[in-house]
Amino acid sequence: MNESHYTISERKPTAEEFIHLIDSVGWSRYTNCDVIPKAIEGSLVSYIATHGDSTIGLGRLVGDGYRFVYVQDLIVHPDHQRKGVGTAILDRIVDYINHNCPKKTYVHLFTLKKDSSFYSRYGFQGPEQPFFGMSLKKFDKPIERKLG
């Protein structure tokens, strides 16, 4: 990454910056943007990538900070992808984990299979491990236990 071209800063995004990036990568259909301000508040740490006066990327770490943390919302605007921006943001997140989370902290994330090689460089492993992640999307209907 050309450091003179992009700047990575530790700060929370504004709701407008966050929503702009969500829109840029097509996540709007999966995201309740009304809760973005609360989601931002719930971050352990956030990093922003800027190019000039524009926010072009962000990454957040969420969780309790001790037993479980989640790399959340690593987003880079499509015009700036594959230029080292996501790597620079994740490097900062990993550095935060290394310096602030105790040993035996579980670090999780969700990604598309096509993007898994990006995270495997840091040691993240997929479902072939004894522990595997499961997820549930709560959209319009309440979560219910199925009978039988």
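What you are looking at is a predicted structure, and each value in this text was computed from that prediction instead of being measured.
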Any chance you could measure Asp73, atom CG, to Ile89, atom CD1, to the nearest 0.5 Å?
11.0 Å
Could you give the distance from CD (Glu10) to CZ (Arg92), rounded to the nearest 0.5 Å?
8.0 Å
Rounding to 0.5 Å, atoms OG (Ser46) and OH (Tyr96) come to a distance of 10.0 Å
Going by heavy atoms in the side chains, are Asp95 and His99 under 4.5 Å from each other?
yes
Please name all residues satisfying side chain to side chain donor-acceptor pair (under 3.5 Å) with Asp115, sequence neighbours left out, ordered by chain then number.
none
For Cys101 versus Val69, what's the shortest heavy-atom pair and its separation?
SG-CG1, 4.0 Å
For the side chain of Thr31 and the backbone of Ser28, is there at least one donor-acceptor N/O pair under 3.5 Å apart?
no
Asn32 meets the side-chain contact (heavy atoms from CB on, under 4.5 Å) criterion, sequence neighbours left out, with Asp34, Val35
Give the C-alpha distance, both sets of side-chain angles, the deciding distance and a yes or no for side-chain contact (heavy atoms from CB on, under 4.5 Å) between Leu61 and Tyr47.
CA-CA 9 Å; Leu61 190 67; Tyr47 294 96; over 6 Å; no
For Tyr30, check side-chain contact (heavy atoms from CB on, under 4.5 Å) against everything at least two apart and list the hits.
Phe139
Test log, rule ring-ring contact (aromatic ring centres under 6.0 Å, His included), inputs His20 and His77:
CA-CA 9 Å; His20 171 73; His77 190 284; 5.8 Å; yes
Members other than Ile75 in its cluster, when Ile, Leu, Val, Met, Phe, Trp, Tyr link by side-chain heavy atoms under 4.5 Å?
Phe18, Ile19, Leu21, Ile22, Val25, Trp27, Ile36, Ile40, Ile48, Leu58
Tell me, which pairs form a salt bridge (Lys or Arg N to Asp or Glu O under 4.0 Å) where one or both residues lie in residues 15-28, sequence neighbours left out?
Arg11-Glu17
I'd like to know whether OH of Tyr66 has more than 12 heavy-atom contacts from other residues, nucleotides or ligands below 6.0 angstrom.
no
Would Thr105 and Ile97 count as a side-chain contact (heavy atoms from CB on, under 4.5 Å) if you check the C-alpha gap in whole Å, the side-chain angles of each, and the deciding distance to 0.1 Å?
CA-CA 9 Å; Thr105 299; Ile97 293 167; 5.6 Å; no
Would you please name every residue forming a salt bridge (charged side-chain N to carboxylate O under 4.0 Å, His left out) with Arg67, sequence neighbours left out?
none
Considering all heavy atoms, the nearest Pro102-Gly65 contact:
CD-O, 3.7 Å
With sequence neighbours excluded, tell me which residues meet side chain to side chain donor-acceptor pair (under 3.5 Å) with Arg29.
none
Output all residues satisfying side chain to side chain donor-acceptor pair (under 3.5 Å) with Thr50, sequence neighbours left out; order by chain, then residue number.
none
With sequence neighbours left out, the residues meeting side-chain contact (heavy atoms from CB on, under 4.5 Å) with Thr87 are Asp91, Phe118, Arg121, Tyr122
Note: Val71 and Leu109 closest approach over all heavy atoms is O-CB, 3.7 Å
Once side chain to side chain donor-acceptor pair (under 3.5 Å) is applied, do any residues pair with His80, and if so which ones, sequence neighbours excluded?
Tyr6
Using the side-chain contact (heavy atoms from CB on, under 4.5 Å) criterion, which residues pair with Gln72? Sequence neighbours excluded.
Arg60, Val62, Tyr70
Can you list the residues that meet the ring pair (Phe, Tyr, Trp, His ring centres under 6.0 Å) rule with Tyr119, with sequence neighbours excluded?
none
